[in-house]
A.B. asks: 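I'd like to ask some things about the structure below.
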Number of protein chains: 2
Amino acid sequence: MAATLKDVALAAGVSIKTVSNVINDYQHIRADTKQRVMEAISELGYSPNLSARSLRSGKTGVIGLAVPELSLSYFAELADSIIKAAERRGLKVLIEQTGGDRAHELEILSSPRLQMTDGLLFSPLGMSNEDAHHLNVNFPLVLLGERIFGGPTDHVTMSNVESARAATAHLLSKGRRRIAVVGGHEGEVIGSAGLRLRGYQQALEDAGIPFDPKLVAYTTFWHRANGATSMRELLESGVEFDAMFGMNDTLALGAMRVLQEAGRRIPDDVAVIGFDDLDEGRYSLPTLSTIDPGRDEIADTAVRVLQERISGREGGAPPREFEARFQVIERESSALPG
Amino acid sequence: MAATLKDVALAAGVSIKTVSNVINDYQHIRADTKQRVMEAISELGYSPNLSARSLRSGKTGVIGLAVPELSLSYFAELADSIIKAAERRGLKVLIEQTGGDRAHELEILSSPRLQMTDGLLFSPLGMSNEDAHHLNVNFPLVLLGERIFGGPTDHVTMSNVESARAATAHLLSKGRRRIAVVGGHEGEVIGSAGLRLRGYQQALEDAGIPFDPKLVAYTTFWHRANGATSMRELLESGVEFDAMFGMNDTLALGAMRVLQEAGRRIPDDVAVIGFDDLDEGRYSLPTLSTIDPGRDEIADTAVRVLQERISGREGGAPPREFEARFQVIERESSALPG
DNA sequence: CGCCCATCCTACAACGTTGTAGACTCGCAG
DNA sequence: CTGCGAGTCTACAACGTTGTAGGATGGGCG
């Protein structure tokens, strides 16, 4: 059906290897030969068979990206950034959704289907540090996010502790003292939730304010619905608070909604800050203060590092850790005289 | 490095073809041979080389999905649905972002890089009906969305006219008579914007209300920011309205935000309905009435139809059109005594 | 004039898989 | 006892590409 090197070679009256050489910009080809080959190529509408090429070369030019779910805005925006970063480097991206499910995540690490890719960017959610040894795989793997530390692979992450601390400090700088937290994960230490909670606690400590466990609402997922439910629980518990730190924007938006239903004014009664800098927060009512976690920097670093591992340039270099720069973004939800 | 059929064959003391047969569940294999091969496979950690397999079979098991941008929530949720639908059918999805740019879209249709896939799901935004002939490609292609009709390929779409008509009728049923529209595309006829505008006009006609062009705000993209800007223009123009139809949820949310800043109460002063049923609209303040466009149905149909084309079962069947069922979802933004 | 080297091109093998054709064994019907 | 078909397995070729080795031509230099 589709034209092959053979067809082009026949049409141009040269050997297939010469055609291959033309395609791969081999130096020593006479101008007129090259010309003839080019013409044959465009006449036949030839384009190389990538399966054959990758069988021969061992490279596919495709990287895998495994995220929990694209319908979670954070991962959609992350995927967007990563696809763009990959494109700049001539790579295509194949996306897997794990649903945040540990079994599914482990399966992906051992799935032969991934052989269609040169390497994997992996953002686990269900796995924990005890699963770190599963990351010992025989293909290039770069970890995204905060579920696992000290693993055997390169790791690109955001400054969770530092930025959560800054977010909390921001609320404190507005004179707030009772800061509720939405999105904790019970018993977690090194996941995003655990780290951000630690940052929160550090900021309190810095300000000499005792940590009140009653101010922390725990949840399983970081969906809008969970933010709403958590806020309802907080309100029902009767605990008092004058600010809220949402562990991500989605949670914060769900919670804000409930706060407003309950008649609390934002930021007057409750100042709110989220985390992720989703586009959504720029048009909510009120607009949402947040942490810009440096998504583009994360994406770019991750793809670069993965490509280095694929090309073998970094050979057996020990696992490296990268942390993106963050930024506090003040919007209406915390706009108060400082 | 990685084990091949040859290695397994050697270890099990059989021919490579027998190993291949075991892997492909060939019937006539003695139980003990099969056993031995299986053991060798797991011992060597063998998994088939997909490049070789697809070179041989001509199939990759991967489909392409080209959308404007994943950071637009609608496309993120669509991609989510499509990846899930593809997974159910044993397919992987490689995502391309076109940025809604016509040149980029045309490039994708002719790009050899797509040879890594068996077919393409394509959601154009920059192309128009005059570009329909570019869709005449020699690989399986299924069109998503509303930019092009009567093209040479299968086409999966939503009932734009009907559902926009229903959305408008919904607002009319609440006694509203001056319904603003946000998201029109100047001069467009067959894009989503054109079709939805037509549905809007039909609903007005049904109700015997004259169409007032001043109520239509035009915009280029369907981002939050555009919804906000359009609403500001409407307000500044001084035109009166008691309801608003946002051509998608994102626009509607951006516009709602501006409405509220301007002191208009929703739904009391202005009833609002959007389009897409994004998760976001369930937690906005107020929650957003919308059209559920049947995203899962679209995704499932699109993947099924593409797979049929790939397998050749539908051979030279003429292009088919599929329209998903929609549903009006009433939430707070239009909750008024009917 | 003869040699070497750079340039240009070709034949062949190999990547790992699967389809095709056929070899061999065995049990059973004729 | 022969022949046949079902069951089990193997050898070989092919998918389309690129690396390797090497052949042919011509120019420059000793």
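By convention in this document, chain letters (A, B, ...) are assigned in the order of the sequence lines, proteins followed by strands, and residues within each chain are numbered from 1.
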A.B. asks: Answer whether the closest heavy-atom distance between the side chains of B:T18 and B:Y26 falls below 4.5 Å.
C.D. replies: no
A.B. asks: Whole-Å distance between D:dT18 C1' and A:L50 CG?
C.D. replies: 14 Å
A.B. asks: Tell me if the side-chain of A:K17 makes a donor-acceptor pair with the base of D:dG19, cut-off 3.5 Å, by modelled atom types.
C.D. replies: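 Looking at the base of D:dG19, it does pair with a donor or acceptor on the side chain of A:K17 (distance under 3.5 Å).
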A.B. asks: Can you measure A:I23 atom CD1 to D:dG19 atom P for me and round it to whole angstrom units?
C.D. replies: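 For the pair A:I23 CD1 and D:dG19 P, the rounded distance is 12 Å.
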A.B. asks: Quick check: any donor-acceptor pair below 3.5 Å linking the side-chain of A:R56 to the base of D:dT18?
C.D. replies: yes
A.B. asks: Does some side-chain heavy atom of B:K92 sit less than 4.5 Å from a side-chain heavy atom of A:E96?
C.D. replies: yes
A.B. asks: Within the structure provided, determine whether B:F221 and B:E69 are in side-chain contact (heavy-atom separation under 4.5 Å).
C.D. replies: no
A.B. asks: Starting from the first five and the last five pairs of the helix from C:dC1-D:dG30 to C:dG30-D:dC1, work out the angle between the resulting helix axes, to 10 degrees.
C.D. replies: 60°
A.B. asks: Please identify each residue that fulfils side-chain hydrogen bond (donor to acceptor under 3.5 Å, both in side chains) with B:H104, with sequence neighbours left out.
C.D. replies: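 In terms of side-chain hydrogen bond (donor to acceptor under 3.5 Å, both in side chains), with neighbours along the sequence ignored, B:H104 is linked to A:E87.
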A.B. asks: Among the candidates C:dT10, D:dC9, C:dC8, find the nucleotide nearest to the side-chain atoms of B:T33.
C.D. replies: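 Nearest nucleotide to the side chain: D:dC9.
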A.B. asks: Looking at A:K84 and A:D296, is any side-chain nitrogen of the basic one under 4.0 Å from a carboxylate oxygen of the acidic one?
C.D. replies: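 No.
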A.B. asks: Closest-nucleotide mapping onto DNA chain C: is A:I29 or A:I16 further toward the 5' terminus? I mean the 5' end.
C.D. replies: A:I29
A.B. asks: Where the side chain of A:L5 is defined as all heavy atoms beyond and including C-beta, which of D:dT18, C:dT17, C:dA11 is the nearest nucleotide?
C.D. replies: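 Of the options given, the side chain of A:L5 lies nearest D:dT18.
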A.B. asks: With DNA chain D as reference, determine whether B:A31 or A:S20 sits nearer its 5' end, using the nearest nucleotide of each.
C.D. replies: B:A31
A.B. asks: Check B:R36 with B:E43, please: is the shortest side-chain N to carboxylate O separation under 4.0 Å?
C.D. replies: no
A.B. asks: Within the structure, does a side-chain N or O atom of B:T4 lie under 4.0 Å from either OP1 or OP2 of C:dG16?
C.D. replies: no
A.B. asks: Quickly work out the A:R30 CZ to D:dT25 C1' distance and round it to whole Å.
C.D. replies: 10 Å
A.B. asks: Over how many whole Å does the gap from B:K34 atom NZ to D:dC9 atom P extend?
C.D. replies: 11 Å
A.B. asks: Which nucleotide sits closest to the side chain of A:R53: C:dT10, C:dG16, D:dT18?
C.D. replies: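 So the nucleotide nearest the side chain must be D:dT18.
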A.B. asks: When you measure from the side chain of A:Y26, which nucleotide among C:dC9, D:dG7, D:dT10 comes out closest?
C.D. replies: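 Among C:dC9, D:dG7, D:dT10, the one nearest the side chain of A:Y26 is C:dC9.
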A.B. asks: Over how many whole Å does the gap from B:K6 atom NZ to C:dT17 atom C1' extend?
C.D. replies: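 Computing the B:K6:NZ to C:dT17:C1' distance gives 13 Å.
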A.B. asks: Between D:dT17, D:dG16, C:dC8, which nucleotide gets closest to the side-chain atoms of A:L55?
C.D. replies: D:dG16
A.B. asks: Measure from CG on A:N24 to C1' on D:dG16 and round the result to the nearest Å.
C.D. replies: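 Whole-Å distance recorded here is 13 Å.
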A.B. asks: Taking for each residue the nucleotide of DNA chain D with the nearest heavy atom, is it B:A52 or B:V14 whose nucleotide lies nearer the 5' end?
C.D. replies: B:V14
A.B. asks: NA contact type, A:T18, heavy-atom cut-off 4.0 Å: base, sugar-phosphate, or nothing?
C.D. replies: base
A.B. asks: What is the separation between atom CD on A:Q27 and atom C1' on C:dT7, rounded to the nearest whole Å?
C.D. replies: 11 Å
A.B. asks: Given C:dC15, is OP1 or OP2 found less than 4.0 Å from the side-chain N or O atoms of B:N49?
C.D. replies: no
A.B. asks: Would you indicate whether the side-chain heavy atoms of A:T153 and A:R309 approach each other to under 4.5 Å?
C.D. replies: no
A.B. asks: Just how far, in rounded Å, is C1' of C:dA21 from CG of B:N21?
C.D. replies: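 Spelled out: CG on B:N21 to C1' on C:dA21 is 14 Å.
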A.B. asks: In Å and rounded to the nearest 0.5 Å, what is the CD1 to CD1 distance from A:I95 to A:I83?
C.D. replies: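 Between A:I95 CD1 and A:I83 CD1, I get 4.5 Å after rounding to 0.5 Å.
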